[in-house]
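Everything on this sheet refers to the single structure shown next.
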Amino acid sequence: MPKKIAGVSEDELLEWIRSSIRDRKNILSHGYQGHTYIYDRNGQRLVIKAAMGWGLGKLIRRRMLYHEYRV
């Protein structure tokens, strides 16, 4: 059975995130950690944060976002 996140299939959500990052769309805001995206389809609204950058910088930002998520 496909995994769902807040009622949205994980595959659909991952594809939406990839296309939003690639096309630089659905951006709600941005900061030093990365961009915040708004998913709004079929009455479902989600806020998704994605780390920006490459290499060590991106790894550090991902850890910061993970810590923020845990808090």
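Keep in mind that what you see is a predicted model, and the values were worked out from it rather than measured.
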Taking every heavy atom of Met52 against every heavy atom of Tyr32, the minimum-distance pair comes out as CE-O, 3.4 Å
In Å, rounded to the nearest 0.5 Å, how long is the span from CD of Glu15 to OG of Ser9? 10.5 Å
When you group the ILVMFWY residues by side-chain heavy-atom contacts below 4.5 Å and let the links chain together, are Leu59 and Tyr66 in the same group? no
dist Leu28:CG -> Lys49:NZ (nearest 0.5 Å) comes out at 10.5 Å
Dump the intermediate steps for side-chain contact (heavy atoms from CB on, under 4.5 Å) on Gln33 and Glu68, then the final yes or no. CA-CA 11 Å; Gln33 293 174 335; Glu68 182 179 309; 3.4 Å; yes
d(Arg18 CZ, Asp23 CG) to nearest 0.5 Å is 13.5 Å
About how many Å separate NE2 of His35 and CG of Asn26, when rounded to the nearest 0.5 Å? 12.0 Å
Closest non-hydrogen atom pair between Gly53 and Arg61, with its separation: CA-NH1, 4.3 Å
Evaluate Ile48 against Thr36 for side-chain contact (heavy atoms from CB on, under 4.5 Å), listing each step before the verdict. CA-CA 6 Å; Ile48 300 161; Thr36 304; over 6 Å; no
Run the side-chain contact (heavy atoms from CB on, under 4.5 Å) check on Asn42 and Val8 step by step: do they pass? CA-CA 10 Å; Asn42 303 323; Val8 181; over 6 Å; no
Do Ile38 and Leu65 share a hydrophobic cluster, counting only Ile, Leu, Val, Met, Phe, Trp and Tyr and linking them when any side-chain heavy atoms are less than 4.5 Å apart? no
Please give me the minimum heavy-atom distance between Ile21 and Ala50, naming the atom from each residue. CD1-CB, 4.1 Å
In Å and rounded to the nearest 0.5 Å, what is the OH to CD1 distance from Tyr39 to Ile5? 10.5 Å
Roughly how far, to the nearest 0.5 Å, is the NE2 atom of His30 from the OH atom of Tyr37? 10.5 Å
side-chain contact (heavy atoms from CB on, under 4.5 Å) assessment of Met64 paired with Tyr69: CA-CA 9 Å; Met64 291 168 65; Tyr69 165 77; over 6 Å; no
